[in-house]
Number of protein chains: 2
Amino acid sequence: MNLLASSHTRSEENYLKAIYAVSQKAKKGASTTAIAGRLQTKASSVTDMVKKLSEKGLVDHRPYHGVRLTDQGRKVATQIIRRHRLWETFLVNHLNYRWDEVHELAEQLEHIRSHDLTDRLDTFMDHPKFDPHGDPIPDRNGHFADNGGAMPLSQVPKDTLVHIVGVRDSSPAFLKLLDGLSLKIGTQLTIMRRFEFDNSAEVSTRFNSAMLLNERVCENLTVKVL
Amino acid sequence: MNLLASSHTRSEENYLKAIYAVSQKAKKGASTTAIAGRLQTKASSVTDMVKKLSEKGLVDHRPYHGVRLTDQGRKVATQIIRRHRLWETFLVNHLNYRWDEVHELAEQLEHIRSHDLTDRLDTFMDHPKFDPHGDPIPDRNGHFADNGGAMPLSQVPKDTLVHIVGVRDSSPAFLKLLDGLSLKIGTQLTIMRRFEFDNSAEVSTRFNSAMLLNERVCENLTVKVL
DNA sequence: ATAAATTTTTAGACAAATCTAATTTTGATC
DNA sequence: GATCAAAATTAGATTTGTCTAAAAATTTAT
Ligand SMILES: [Mn+2]
Ligand SMILES: [Mn+2]
Ligand SMILES: [Mn+2]
Ligand SMILES: [Mn+2]
């Protein structure tokens with residue numbers, strides 16, 4: 001029954017995405033509590049939904065060891081991420097939104113149910129590989145583009161020329177900080193000095209005079225060596 | 001309380017739109033039964049929702065005389081229609097959908113909640129005045145463009161050159177019939193003969209040889225004299 | 001190994017939106 | 001104005017997704 005239509009509720013989709021994200025980050029099954037934390041719900045609600053998803057064959061659950069997506073569940077989650085990132089890209093590139101404004105809208109748009117809207121959007125934008133935050137957009141088969149050796153700025157050695165390719169934290173607060181410092185995707189920079197005291201780094205760009213970036217900022221900026 | 005956020009549920013929005021459409025067509029209040037018919041629900045469900053909308057000040061209800069939108073309710077309904085038609089226009093003009101494919105998608109997209117997405121879409125498309133079916137797109141103040149003397153083909157006298165500006169029925173079935181006859185918005189045609197027997201009309205276009213259109217088709221084609 | 005802390009589940013309730021079946025209300029008709 | 005058919009409402013149930021509070025299960029620490 002309904003093996004074809006592949007139609008899940010908005011809530012189910014959000015849980016699948018949350019389970020994907022949580023187990024991605026921790027590299028293990030997602031705990032009931034962690035899922036609840038991510039979705040701002042209560043653990044008891046998660047228990048109910050996990051049971052439902054489990055019966056649908058979308059997740060495997062071993063209590064106290066975490067929830068994992070099945071292949072089918074991962075496929076669904078990946079498609080939702082694809083839609084989310086394609087919409088973010090559309091909003092920034094074509095409707096002139098700023099990169100710190102699009103997430104909430106994409107949270108809604110990603111649930112639009114259509115067999116081919118996603119693919120048409122993808123074609124319209126000429127198959128973008130990364131979203132406005134530098135996150136890879138999976139293709140229609142769920143394959144993520146390789147980030148080609150990107151690393152957090154915190155791991156880059158001194159005196160190496162790099163350019164920004166993405167952010168690990170794409171909260172409006174962080175993105176606004178970056179905007180305030182004129183740091184955006186593509187910006188080239190070099191680490192001039194590191195301070196052992198707090199792991200902060202002094203960086204120079206083409207335009208700005210040197211600026212001091214604290215550890216947390218460095219960890220959340222993804223760069224590539226040029 | 002919540003006079004500002006102006007946030008209604010998807011269901012409320014669908015009811016408001018249905019009430020707008022039904023009372024528009026009948027030029028009087030929408031009966032509980034008619035609303036139920038339009039939304040494919042039951043009258044008892046309508047009773048409940050009308051009560052809710054009434055308490056919110058969006059409709060006035062006089063039992064057995066119909067439901068009417070208040071000014072506030074009409075404003076909301078108009079904005080939903082605006083979003084619906086803008087999305088349809090986007091899908092056809094930019095994502096290469098056909099005009100018979102976009103309605104269901106727009107039914108979903110119209111509920112995306114955003115302060116300015118609609119306006120940006122409008123700007124992106126250069127403020128279109130009509131959707132792919134020839135229906136007027138209200139502007140951000142809820143003002144509908146005048147259709148400039150459009151009338152159903154059934155009311156056009158013989159030997160008058162007209163062009164198609166819209167359809168009154170935009171069901172996929174009707175639109176596919178039109179596509180099959182190569183009739184689309186902009187097509188120029190003249191009524192050559194009328195048959196009293198069944199009110200059918202023989203029309204000629206630039207390209208096709210003469211064809212016979214039955215009464216129902218003529219009633220649902222909107223045209224303008226050139 | 002026992003106790004403590006944490007995690008998870010259960011039980012019961014609730015809000016939103018719907019349904020069916022029964023009942024009430026009303027406008028229209030004779 | 002009484003009657004009748006249509007329209008509308010009520011009552012009670014259902015589904016989905018959520019919550020609180022309490023109980024149970026399991027891991028972790030002593
Ligand atoms: Mn996002
Ligand atoms: Mn993103
Ligand atoms: Mn439509
Ligand atoms: Mn339309």
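No hydrogens, no waters, no symmetry mates; every other heavy atom, side chains included, goes into these values. Lettering follows sequence order; numbering is per chain, from 1.
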Determine whether a donor-acceptor pair (N or O, by modelled atom type, separation under 3.5 Å) exists between the side chain of [X] and the backbone of [Y].
X	Y	answer
B:E101	B:R98	yes
B:E219	B:R216	no
B:R68	B:R62	no

Counting only side-chain N and O atoms of [X], is one of them less than 4.0 Å from OP1 or OP2 of [N]?
X	N	value
A:T41	D:dG17	no
A:T32	C:dT9	yes
A:T47	C:dT8	no
B:S44	D:dT10	no
B:S45	C:dC19	yes
B:H61	D:dT9	yes

Protein-nucleotide distance ([X], atom [atom1]; [N], atom [atom2]), rounded to Å:
X	N	atom1	atom2	result
B:L16	C:dA17	CG	P	12 Å
B:R10	C:dA17	CZ	P	12 Å
B:R62	C:dT26	CZ	P	12 Å
A:E12	D:dT18	CD	P	10 Å
B:N14	C:dA16	CG	C1'	14 Å
A:I35	D:dG17	CD1	C1'	16 Å
B:D48	D:dT10	CG	P	9 Å
B:L39	C:dA17	CG	P	13 Å

Problem - Nucleotide of D:dT16, C:dT8, C:dA17 approaching A:P63 most closely (side-chain heavy atoms) - result: C:dT8
Practice task
Tell me which nucleotide among D:dT18, D:dT9, C:dA16 gets nearest to the side chain of B:K52.
Solution key: C:dA16
Handout entry: Side-chain H-bond candidate by donor/acceptor type, B:E13 with B:H111, under 3.5 Å
Key = yes
Problem - B:H84 ring center within less than 6.0 Å of B:H103 ring center - result: yes
Problem - Whichever of A:M49 and B:S31 has its nearest DNA chain D nucleotide further upstream toward 5' - result: B:S31
Completion exercise
The residue, A:K42 or A:H65, whose nearest nucleotide of DNA chain D is more 5′ is A:K42
Exercise for the section: Establish whether the base of C:dT8 is bridged to the side chain of A:Y64 by a donor-acceptor pair shorter than 3.5 Å. Expected result: no
